[in-house]
Number of protein chains: 2
Amino acid sequence: MSDSAPLDGRQQRGRDTRALIVDAAMAQFAESGYRASSLRDIAARAGMTHPGVLYHFPTKEALLMAVLQRRDDEGKKRHPVLGHLGREALAGMARAAAHNETQGAMVELYAVLSAEATGRDHPAHDYFVARYESLLATVTEAYTVARDAGGLRDGVEPDVAAPQLIALMDGLQVQWLMGTLPRSMARIVADHLNTQLVEPLP
Amino acid sequence: MSDSAPLDGRQQRGRDTRALIVDAAMAQFAESGYRASSLRDIAARAGMTHPGVLYHFPTKEALLMAVLQRRDDEGKKRHPVLGHLGREALAGMARAAAHNETQGAMVELYAVLSAEATGRDHPAHDYFVARYESLLATVTEAYTVARDAGGLRDGVEPDVAAPQLIALMDGLQVQWLMGTLPRSMARIVADHLNTQLVEPLP
DNA sequence: CCAGTAACTTACCACGCGGTAAGAATCTTG
DNA sequence: CAAGATTCTTACCGCGTGGTAAGTTACTGG
């Protein structure tokens, strides 16, 4: 809403390097977590010096927030809303797991950061709390809609199934990153959902 | 096997402070992860200065290994072997989840470290790979034994169910630490197992 | 073509890090 | 009680960190 102006040339250039820096920061945070990543590492990846980065983002923390913000924006472009879609939304979670298997850096970023941000003093703590709450609400709604449509087996409770599914996906990512997962994430998620759904997923 | 000697007074004192330091390191690593924890922080918790810590543990990395080693020893005292016990071993996993709910610091340690150790250059990487492989083998065996005893529902495959259960427990811990888990970990794990077992758990 | 601004770089700062060296204190044993 | 080892402290080192100040380059609009 702030960019109502038609952005001339230099504004465009600014945005471009901003995006480049966010790319670099994303990769670096994913590799080493937030605290262990240095602005110099990130700047080198973006082909500049570290005060160059600080020209665009006033602090390291602001850069982290920009990284998280952008991933959210991309996510919302890929699957808008989806909570009310019920069964189809759950199928979308399985597809998301498959998609994640091609996005190692992003997966690593969230796995490392969500664990790091567990501490109340971490700069991204509030962000992740909000994210989990929102995700939980969405998935719970999806299960509820699916159940009301008669798509869930008996005994599957949305309030239990939702945190279960989220936990399953998070935990799988760690094993997958560790290289000890003997099957694909998508397969395991689909199998899990198939124990809950009346009609199995493809 | 190295402490066959009857350890006299001074050896005992050394062991005591060693244990005190490991306690402090455990708490600090849990709060901030390995990389973000300083030897000075740890030393302060143990009531000494940081070279005092380095007298007992030659490097920060050695201290980390001692922390992990001790947790392993304690764990093996709590539940020895257990893979071959089948259904009873799976029930033990649910009880472990309940136990973990009283061990916030330990849970945080493993959640934070396992994510951090995902990177191949992390000092605890090999440790966690070995741990996951061993855990996977144990849980897979437990499911297999349970199935051969006719205790599993149709369609529950040990090779899928094992990484599923491990992932579920890991993921639940993150949500629990984040404070966004709407139910107890033990309840959710038990519900999961009850969709797989012929005879429900208590 | 020149003024001005956006986009950087170089140089620096104070600080905290892991680790080392050397000495002081404490304790055990002959 | 003296000898000797164990345990810990004080003081230091080089290095990398996030952040700042000031100057340089490059481009754009008038």
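The shown structure was predicted, so the numbers you read here are calculated from the model rather than taken from an experiment. Any value given below was found using the heavy atoms of this structure, including those in side chains, with hydrogens, waters and symmetry copies removed.
- Residues A/Glu31 and B/Asp121 fail the side-chain proximity criterion, which asks for heavy atoms closer than 4.5 Å.
- Checked by atom type and distance alone, the side chain of B/Arg153 pairs as donor or acceptor with a backbone atom of B/Asn194 at under 3.5 Å.
- The side-chain heavy atoms of A/Met178 and B/His125, taken from C-beta on, include a pair separated by under 4.5 Å.
- Rounded to an integer number of Å, the gap from CG of B/Asp16 to C1' of D/dT7 is 13 Å.
- Note on A/His56: every side-chain N or O is 4.0 Å or more away from OP1 and OP2 of C/dA6.
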Self-check item: side-chain contact (heavy atoms from CB on, under 4.5 Å) between B/Ile166 and B/Val139, worked out
Solution: CA-CA 8 Å; B/Ile166 296 170; B/Val139 176; 4.3 Å; yes
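- If you check residues 63-71 of chain A against DNA chain D, you find no residue with a heavy atom closer than 4.0 Å.
- A 4.5 Å side-chain heavy-atom check between B/Leu63 and B/Leu39 finds at least one atom pair inside the cut-off.
- B/His192 places none of its side-chain heavy atoms less than 4.5 Å from the side chain of B/Val189.
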Quiz item: How does protein reach along nucleotides 13-18 of chain C, written 5' to 3' as B (base within reach of a heavy atom under 4.0 Å), S (only sugar-phosphate), or - (no contact)?
Solution: ----BB
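- Considering A/Gln164, A/Gln196, A/Glu157 in turn, A/Gln196 is the only one that fulfils the side-chain hydrogen bond (donor to acceptor under 3.5 Å, both in side chains) rule with A/Tyr143.
- No donor-acceptor pair closer than 3.5 Å links the side chain of A/Glu116 to the backbone N or O of A/Gly33.
- By the side chain to side chain donor-acceptor pair (under 3.5 Å) test, B/Ser38 pairs with B/Asp41, sequence neighbours left out.
- Between A/Tyr55 and C/dC8 there is no side-chain polar atom (N or O) within less than 4.0 angstrom of OP1 or OP2.
- Taking side-chain N and O atoms only, A/Thr17 has a distance below 4.0 Å to OP1 or OP2 of C/dC8.
- Taking 4.5 Å as the limit, every side-chain heavy atom of A/Val198 sits out of range of all side-chain heavy atoms of A/Leu152.
- When rounded to the nearest whole Å, the span between CZ of A/Arg13 and C1' of D/dA26 equals 8 Å.
- Residue B/Thr49 places no side-chain N or O under 4.0 Å from the OP1 or OP2 atom of D/dT10.
- Listed by chain and number, the residues in a ring-ring contact (aromatic ring centres under 6.0 Å, His included) with A/Tyr110 are A/Phe128 (sequence neighbours excluded).
- A heavy-atom distance below 4.0 Å to DNA chain C is reached by none of the residues of residues 19-26 of chain A.
- Considering only heavy atoms from C-beta on, A/Pro158 comes within 4.5 Å of A/Arg147 through its side chain.
- The closest donor-acceptor contact from the side chain of B/Glu101 to the backbone of B/Met185 lies under 3.5 Å.
- Defining each end axis of the helix from C/dC1-D/dG30 to C/dG30-D/dC1 as the rotation carrying four pairs' C1' atoms onto the next four, with five pairs an end, the two axes are found to diverge by 0° to 10 degrees.
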